[in-house]
Number of protein chains: 2
Amino acid sequence: MNVVNESPRRKELTRIAAQLFVQEGFDRTTVRMLAREMGIKSGSLFHHFDDKQEILCAVIEEGTHNALTLAQAALATCGESAEARLHAMARAHLETLLTDRNAHVVALYEWRRLDEGARQHLGHLRDAYEALWQEVIGDALEAGLIRGDRFLISRFVLGALNWTVRWYDPEGPRSPEDLAHELIAMLTPQGRA
Amino acid sequence: MNVVNESPRRKELTRIAAQLFVQEGFDRTTVRMLAREMGIKSGSLFHHFDDKQEILCAVIEEGTHNALTLAQAALATCGESAEARLHAMARAHLETLLTDRNAHVVALYEWRRLDEGARQHLGHLRDAYEALWQEVIGDALEAGLIRGDRFLISRFVLGALNWTVRWYDPEGPRSPEDLAHELIAMLTPQGRA
DNA sequence: AATTTACACTAGCGCTTGCTTGGTTATGAT
DNA sequence: ATCATAACCAAGCAAGCGCTAGTGTAAATT
């Protein structure tokens with residue numbers, strides 16, 4: 001029923017659920033585990049969410065929504081050159097992958113556990129985000145910054161970025177900014193010192 | 001106990017399990033579903049495998065082993081130029097992602113359901129495969145074909161390739177060969193008609 | 001003062017889970 | 001004929017699962 005996370009309590013519960021879903025996976029995370037981590041009893045959980053599925057949906061929605069917002073904000077302040085916009089999108093993606101890591105890992109790995117309704121609802125959100133990418137990459141193609149097929153490149157780039165959740169270490173020497181720079185350098189033919 | 005799939009029967013069971021694991025996910029796939037699909041009763045399943053985990057391990061091992069074999073074969077027959085070797089690796093990766101699709105999807109999505117022992121055993125296999133990539137990409141860097149950091153590029157490229165299981169349609173107009181070509185074109189600064 | 005709302009509790013129902021046990025059948029070697 | 005082995009089955013156990021029903025209580029609303 002509650003599609004959006006209105007109450008701060010529910011938002012907090014969603015955050016905790018995200019962490020558990022990452023640690024254990026959705027199916028192995030029991031309502032009793034969730035409740036214990038939340039400091040309540042398992043029955044009380046169903047006051048906040050209709051069922052277990054809705055918790056998963058809330059987690060993914062939160063992450064995807066934030067990613068979209070951050071990307072739009074980044075595009076609004078990065079300047080107008082195709083390269084700057086490309087870089088802004090990549091950096092925003094990597095940063096949201098860091099700050100909302102749990103939610104995004106859940107979105108990537110547990111998407112298939114969503115039921116049909118939730119999958120459709122969240123699908124639209126995700127499509128809106130990917131449309132942003134295709135727009136920016138389309139601009140970069142027109143500007144002659146990169147070459148190739150718009151959809152193919154979008155998918156290759158998103159694949160490379162999403163894969164970072166597997167190996168990226170936030171404690172390591174490389175910043176998201178740094179990573180974004182290297183990725184763009186890999187894509188653009190122009191030589192660089 | 002049986003780490004390798006010796007008997008043809010076990011190999012067939014592994015194939016069936018892979019399909020179910022993709023359709024339903026590992027946790028949601030019950031031993032009863034597996035048995036039914038295999039044409040036996042659930043109890044009989046434990047004659048072939050020690051426990052459910054071992055089935056998962058067998059599926060992933062099969063896929064990773066095939067990928068490694070195919071990549072080595074491709075490198076052995078592709079010529080010696082850095083570009084040819086890069087292309088051969090990419091094509092081999094995409095082709096094994098197609099022919100052993102189920103096993104690879106399971107490896108990508110259900111890796112975390114492996115216990116410590118299996119994760120270590122299969123980790124070595126995967127490392128061997130990724131080492132091949134790093135070697136080929138190292139060669140391409142030395143040849144001046146591409147620029148950047150060897151490990152970073154390997155991971156970006158593997159991410160882009162693995163992501164294809166999300167969107168690639170084998171019935172569509174693009175062949176694995178075609179996709180490999182486009183990927184390499186995206187990476188290499190040299191202009192092309 | 002009376003009522004509603006929000007949030008939590010206890011207790012447990014009905015069902016499914018992975019896996020075990022103990023025994024049967026078919027095949028093929030000795 | 002005897003034995004060994006692989007492959008299977010029927011039956012079911014102990015544990016855990018998502019979720020519900022009914023209740024208590026403090027704060028907010030009327």
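Proteins get letters first, then strands, A, B, ... in listed order; numbering begins at 1 in each.
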Length of the line joining A:Ile40:CD1 and C:dT10:P, which is rounded to integer Å: 12 Å

Does a side-chain N or O from B:Arg9 land closer than 4.0 Å to OP1 or OP2 of D:dC8, or not? yes

State whether the distance check finds a donor on one side and an acceptor on the other, under 3.5 Å, for side chain A:Arg32 versus base D:dG16. no

Find the distance A:Glu24:CD to D:dC17:C1' and express it as a whole number of Å. 15 Å

Tell me whether the side-chain N/O atoms of B:His47 come closer than 4.0 Å to OP1 or OP2 in D:dA7. yes

Would B:Lys52 and B:Phe46 count as a cation-pi pair here, with the cationic atom under 6.0 angstrom from the ring centre and within 45° of the axis? no

Rounded to whole angstrom units, what separation is found between the CG atom of A:Leu45 and the C1' atom of C:dA6? 15 Å

Integer-rounded Å distance: C:dA8 P and A:Glu12 CD: 12 Å

Can any side-chain N or O of A:Tyr109 pair as donor or acceptor with the backbone N or O of A:Phe26 at less than 3.5 Å? no

Does the cation-pi check pass for A:Arg126 over A:Trp111, that is, NZ or CZ under 6.0 Å from the six-membered ring centre and within 45° of its axis? yes

If you check the B:His48 side chain, which of C:dA8, D:dC19, D:dC8 turns out closest? D:dC8

For A:Ala92 versus A:Ala71, what's the shortest heavy-atom pair and its separation? CB-CA, 4.2 Å

Looking at A:Lys41, does any N or O in its side chain come under 4.0 Å of the phosphate oxygens OP1/OP2 on C:dA8? no

A:Phe46 has a side chain; which of C:dC19, D:dT20, C:dG18 sits nearest to it? D:dT20

Euclidean distance, atom CZ of residue A:Phe49 to atom C1' of D:dG18 [Å, nearest integer]: 15 Å

Counting just side-chain N and O atoms, does B:Ser44 come under 4.0 Å of either OP1 or OP2 of D:dA7? no

Would you kindly give the CE-to-P distance between A:Met38 and C:dC7, to the nearest whole Å? 14 Å

Donor-acceptor pair, B:Arg10 side chain versus B:His48 backbone, under 3.5 Å? yes

In whole angstrom, what separates B:Arg36's CZ from D:dC9's C1'? 16 Å

Could you give the CG-to-C1' distance, from B:Leu13 to D:dC8, as a whole number of Å? 12 Å

